[in-house]
Amino acid sequence: MTPDEWQAHVTRAAALEIGTWLEARGRLHQPIASLTLGDLDAMASNAISRWIVMQTEKLQRAGWPPEDPIANFLLG
């Protein structure tokens, strides 16, 4: 997978996480402007968490050396 394909893949996964959060929250009939800062924080947190999981899985598949500081941070 090229870096551009990976970015598109991760972006779609993050968008799905945001959609899942919005559906679980309910009130889908309300306009986006009604979202609170807390709502936006929760959506961002879910999207970032999904990215971390996907990046960690990618690193594990690639066999990234455990002494690498990024691998230690994500895989540790």
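The shown structure was predicted, so the numbers you read here are calculated from the model rather than taken from an experiment. In this chain, residues are counted from 1 in sequence order.
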| task | Could you work out the complete set of other residues in the hydrophobic cluster of Ile32, with links drawn between I, L, V, M, F, W and Y side chains under 4.5 Å apart? | result |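 Other cluster members: Ile18, Trp21, Leu22, Leu28, Leu35, Leu40, Met43.
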
| query | What residues join Leu37 in its hydrophobic cluster, counting side-chain heavy atom gaps under 4.5 Å, either direct or through other members? | reply |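 Same cluster as Leu37: nobody, lone residue.
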
| said: Side chains of Trp51 and Glu17, heavy atoms from C-beta outward: is any pair under 4.5 Å? | reply: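 Trp51 vs Glu17: side chains apart.
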
| Is any side-chain heavy atom of Arg25 less than 4.5 Å from a side-chain heavy atom of Gln30? |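 Contact flag for Arg25/Gln30 side chains = yes.
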
| request: Report whether Val10 and Ile52 are members of the same hydrophobic cluster (ILVMFWY, side-chain heavy atoms less than 4.5 Å apart, transitive linking). | output: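 Yes; tracing contacts between hydrophobic side chains, which count when under 4.5 Å, links both residues.
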
| request: Quick one: pull up CD in Gln60 and CD in Gln55 and give me the separation to the nearest 0.5 Å. | output: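 So the gap between those two atoms works out to 11.0 Å.
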
| query | Say you draw a straight line from CE of Met54 to CZ of Arg12; how long is it, rounded to the nearest 0.5 Å? | reply |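 Spacing of CE (Met54) from CZ (Arg12) equals 9.0 Å.
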
| query | Listed by chain and number, what are the side-chain hydrogen bond (donor to acceptor under 3.5 Å, both in side chains) partners of Glu5, not counting sequence neighbours? | reply |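 Counting only residues at least two positions away or on another chain, Glu5 forms a side-chain hydrogen bond (donor to acceptor under 3.5 Å, both in side chains) with Thr2.
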
| task | Kindly say whether Thr36 contributes a backbone atom to a donor-acceptor pair with the side chain of Asp39 at under 3.5 angstrom? | result |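 Yes.
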
| message | Looking at Ser45 and Asp41, would you say the former's side chain and the latter's main chain have a donor-acceptor pair under 3.5 Å? | response |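 Pair absent, no side-chain N/O of Ser45 close to backbone of Asp41.
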
| said: If we count only N and O atoms by modelled type, under 3.5 Å, do the side chains of Thr11 and Gln7 hold a donor and an acceptor together? | reply: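 Note: Thr11 and Gln7 side chains meet the donor-acceptor criterion.
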
